[in-house]
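Counting starts at 1 for both ligands and their atoms, following the listed order.
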Amino acid sequence: MKPRVLTVAGSDSGGGAGIQADLKTMLALGVHGMSVVTAVTAQNSLGVQGAWELPAEAVRAQYRSVVDDIGVQAVKTGMLASAELVETVAGLIGGTDVPTVVDPVGISKHGDSLLADSALDAVRTKLLPVATVATPNLDEVAQLTGVRVDSEGQLREAAAAVLSYGPRWVLIKGGHLPGDAVDLLTDGSEEHWLRAPRHDNRHTHGTGCTLASAIASQLAMGRSVPEAVTEAKAYVTGAIAAGFALGKGIGPVDHGWALRREAF
Ligand SMILES: Nc1ncnc2c1ncn2[C@@H]1O[C@H](COP(=O)(O)OP(=O)(O)O)[C@@H](O)[C@H]1O
Ligand SMILES: Cc1ncc(COP(=O)(O)OP(=O)(O)O)c(N)n1
């Protein structure tokens, strides 16, 4: 049976990040994508113009509908908006025995807040402990741990700080550093450095969502965490290389690049 992957995240009306990016990634990687919508954003290439979270009851109901009937082989979480939704989702994931990728989405590329400050403690104490892999970017590392990273050499310190909250693995994304795009994956004993050339393309909206969904898709196919992250990094690097202009600001990565390559 086709592997089934569930994203629990916010909607991006512009189609570059959030639920939309997650489902496109899952389609491109050959798994069946399903969604629990946590919030709706009015968003485009210029930023986030508005955000509305759903009631916890609606999140719980979507999750139960999918998991109890269709079943899932992996879960990915993204924008969770509030402490109440973080706690609700952490509770649901804690009761589902499948690999879970937690992207602790805090702030969009344009600097718009996607998570209330009052939710940070719930992310640290409830959500990170149930993650198989947590995938913070450098702003999220600073928000959650206070560790500020301005060079590759500090990625290890950042990883140790996030691991102290209990995820099995952490992938620290160094995408915001200058030079090569270097990420560090570790469980505290093994270290895997993932390095890709930096693409000089400003159309990078949705990189983090795309990477986390690709990892969840690979885990659903039965890969180990280091294998899944290696495959996912190759996919997001290709999507960034093919990112395209849309609107007046930052365009999306191209989720379909690998499909086109395989089709012809
Ligand atoms: N310009 C780029 N060229 C190649 N890889 C990039 C580039 N920008 C980010 N990445 C990679 O994209 C992935 C997502 O990272 P990042 O953009 O930091 O996440 P987020 O969207 O959460 O801020 C990481 O693997 C990172 O190294
Ligand atoms: C609804 C929604 N969820 C998450 C994000 C952040 O996405 P990310 O992949 O980190 O991309 P950028 O915002 O950094 O381009 C979002 N913007 N919207």
Engineer: Which pairs, with at least one residue in residues 126-142 and sequence neighbours excluded, count as a salt bridge (Lys or Arg N to Asp or Glu O under 4.0 Å)?
Structural biologist: none
Engineer: Please could you name the atoms of ligand 2 that Ser108 approaches to less than 4.0 Å, counting only its heavy atoms?
Structural biologist: 13 (O), 17 (N)
Engineer: Check side-chain hydrogen bond (donor to acceptor under 3.5 Å, both in side chains) between Ser45 and all other residues, then give those that pass, not counting sequence neighbours.
Structural biologist: none
Engineer: Can you tell me which residues line ligand 1 if we count any heavy atom under 4.0 angstrom from one of its atoms, in chain and number order?
Structural biologist: Lys109, Asn137, Lys173, Gly175, His176, Ala181, Asp183, Pro197, Arg198, His199, Thr207, Gly208, Leu211, Lys233, Ile240
Engineer: Who are the side chain to side chain contact (heavy atoms under 4.5 Å, CB included) partners of Ser151, not counting sequence neighbours?
Structural biologist: Gln154
Engineer: Considering only protein heavy atoms, which is closest to atom 8 (P) of ligand 2, and at what distance to one decimal place?
Structural biologist: Cys209 SG, 3.8 Å
Engineer: Report yes or no: do Val89 and Leu120 belong to one cluster of Ile/Leu/Val/Met/Phe/Trp/Tyr joined by side chain heavy-atom distances under 4.5 Å?
Structural biologist: yes
Engineer: Against heavy atoms of Thr207, which atoms of ligand 2 measure under 4.0 Å?
Structural biologist: 9 (O)
Engineer: Nearest heavy-atom pair of Thr210 and Ala21: which atoms, and what distance?
Structural biologist: OG1-CB, 4.0 Å
Engineer: Taking Gln20 as the fixed residue, which of Ser13, Ser35, Ser11 is the one that meets the side chain to side chain donor-acceptor pair (under 3.5 Å) rule?
Structural biologist: Ser11
Engineer: Look at the side-chain heavy atoms of Ile, Leu, Val, Met, Phe, Trp and Tyr, link any pair under 4.5 Å apart, and say whether Leu80 and Leu128 land in one connected group.
Structural biologist: yes
Engineer: Which of the numbered atoms in ligand 2 are below 4.0 angstrom from a heavy atom of Ser11?
Structural biologist: 1 (C)
Engineer: Say whether Gly206 and ligand 2 are in contact under the criterion: heavy-atom distance to a ligand atom below 4.0 Å.
Structural biologist: yes
Engineer: Name the residue from Lys233, Arg195, Lys173 that meets the salt bridge (Lys or Arg N to Asp or Glu O under 4.0 Å) definition with Asp183.
Structural biologist: Lys233
Engineer: Would you kindly confirm whether Val102 and Leu144 end up in one hydrophobic cluster when ILVMFWY residues are joined by side chain heavy atoms under 4.5 Å apart?
Structural biologist: yes
Engineer: What are the two closest non-hydrogen atoms of Met79 and Ala39, and how far apart are they?
Structural biologist: CE-CB, 3.8 Å
Engineer: Tell me which protein heavy atom sits closest to atom 17 (N) of ligand 2, plus the residue, atom name and distance to 0.1 Å.
Structural biologist: Gln43 OE1, 2.8 Å
Engineer: Which atoms of ligand 2 have any heavy atom of Lys109 under 4.0 Å away?
Structural biologist: 12 (P), 13 (O), 14 (O), 15 (O)
Engineer: Heavy atoms only: which of Gly16, Gly208, Gly106 is nearest to atom 10 (O) of ligand 2?
Structural biologist: Gly208
Engineer: Answer yes or no: does an N/O atom from Ile107 fall short of 3.5 Å to an N/O atom of ligand 2?
Structural biologist: no
Engineer: Considering only the protein, which heavy-atom contact is closest to atom 15 (O) of ligand 2, and what is its distance?
Structural biologist: His205 ND1, 2.9 Å
Engineer: Could you tell me the residue and atom name of the protein heavy atom closest to atom 5 (C) of ligand 2, and the distance to it rounded to 0.1 Å?
Structural biologist: Leu114 CD1, 3.6 Å
Engineer: Answer yes if the side chains of Thr96 and Tyr63 hold a donor-acceptor pair under 3.5 Å, and no otherwise.
Structural biologist: yes
